[in-house]
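For reference, the structure is listed below as structure tokens.
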Amino acid sequence: QVQLVESGGGSVESGGSLRLSCAASGYTRSSVCMGWFRQAPGNEREGVAIIASDGSTTYADSVKGRFTISQDNAKNTVYLQMNSLKPEDTAIYYCAAAPKRGVRWCVASQISDFINWGQGTQVTVSS
């Protein structure tokens, strides 16, 4: 059974940093396309960053230069390092997997390609 468990959320002031973790079980992380998404109250869920098993990545324009997605295949874990946080980054952050997306197509994935989701972790940034 596939399971994704996020951790690392919390409350920080504007300009602060947080590191989110997503521990995956039920499949070998090294072969799966993974992503971070977020949803703020009243907004649709949006993509933040995606990482393929070969390490290639893509980011939403709103987080480029501030957020970094990374992976530790030995630990079956994906991370999201968030720096220079802004109040508009406040949201529930979700980790998700797109196991049917191959390496070549991973970073071009749409949200509908991600079929396994974690429970989410709250990130709150105060001004």
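Hydrogens, waters and symmetry mates are skipped; everything else that's a heavy atom, side chains included, is used.
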Joint hydrophobic cluster, [X] plus [Y], side-chain heavy atoms closer than 4.5 Å:
X: L4; Y: V123; result: yes
X: L18; Y: V78; result: yes
X: V2; Y: W36; result: yes
X: M34; Y: F114; result: no
X: M82; Y: I69; result: yes

Taking every non-hydrogen atom, the tightest pair across [X] and [Y]:
X: F37; Y: G47; value: CD2-CA, 3.4 Å
X: L80; Y: A49; value: CD1-CB, 4.3 Å
X: S17; Y: Q81; value: CB-NE2, 4.0 Å

Mind checking the [atom1]-[atom2] spacing from [X] to [Y]? Nearest 0.5 Å is all I need.
X: S127; Y: E13; atom1: OG; atom2: CD; answer: 9.0 Å
X: I111; Y: E44; atom1: CD1; atom2: CD; answer: 8.5 Å
X: T77; Y: L20; atom1: OG1; atom2: CG; answer: 12.5 Å
X: N116; Y: Q3; atom1: CG; atom2: CD; answer: 11.0 Å
X: D54; Y: C106; atom1: CG; atom2: SG; answer: 8.0 Å
X: L85; Y: S11; atom1: CG; atom2: OG; answer: 11.0 Å

- request: Just say parallel, tilted or perpendicular for the rings of W117 and Y94, cut-offs at 30° and 60°.
  value: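 Answer is perpendicular, since the angle exceeds 60°.
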
- request: May I ask you to decide if the ring planes of F67 and Y93 are parallel, tilted or perpendicular, using 30° and 60° as cut-offs?
  value: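 F67 and Y93: tilted rings.
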
- request: Please assess V63 against R38 for the test side chain to side chain contact (heavy atoms under 4.5 Å, CB included), listing each intermediate value before the final yes or no.
  value: CA-CA 12 Å; V63 305; R38 65 186 182 186; 4.0 Å; yes

- prompt: Just by modelled atom types, is the Q119 backbone N or O under 3.5 Å from a matching donor or acceptor in the E6 side chain?
  reply: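 Yes, the answer is positive, given that a donor and an acceptor are paired below the 3.5 Å cut-off.
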
task: Please examine the side chains of P99 and I115, heavy atoms only from C-beta on, and report whether any two atoms are closer than 4.5 Å.
output: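 Yes, their side chains come closer than 4.5 Å.
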
- request: For the residue pair I50 and C33, establish whether any side-chain heavy-atom pair is separated by less than 4.5 Å.
  value: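 SC-SC contact between I50 and C33 confirmed.
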
query: Going through the distances and angles, do T90 and Q122 end up as a side chain to side chain contact (heavy atoms under 4.5 Å, CB included)?
result: CA-CA 8 Å; T90 295; Q122 177 71 47; 4.0 Å; yes

message: Taking the basic N atoms (NZ, or NE/NH1/NH2) and the acidic carboxylate oxygens, is any pair closer than 4.0 Å for K64 and D61?
response: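 Judged by the 4.0 Å cut-off on N to carboxylate O distance, K64 and D61 do form a salt bridge.
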
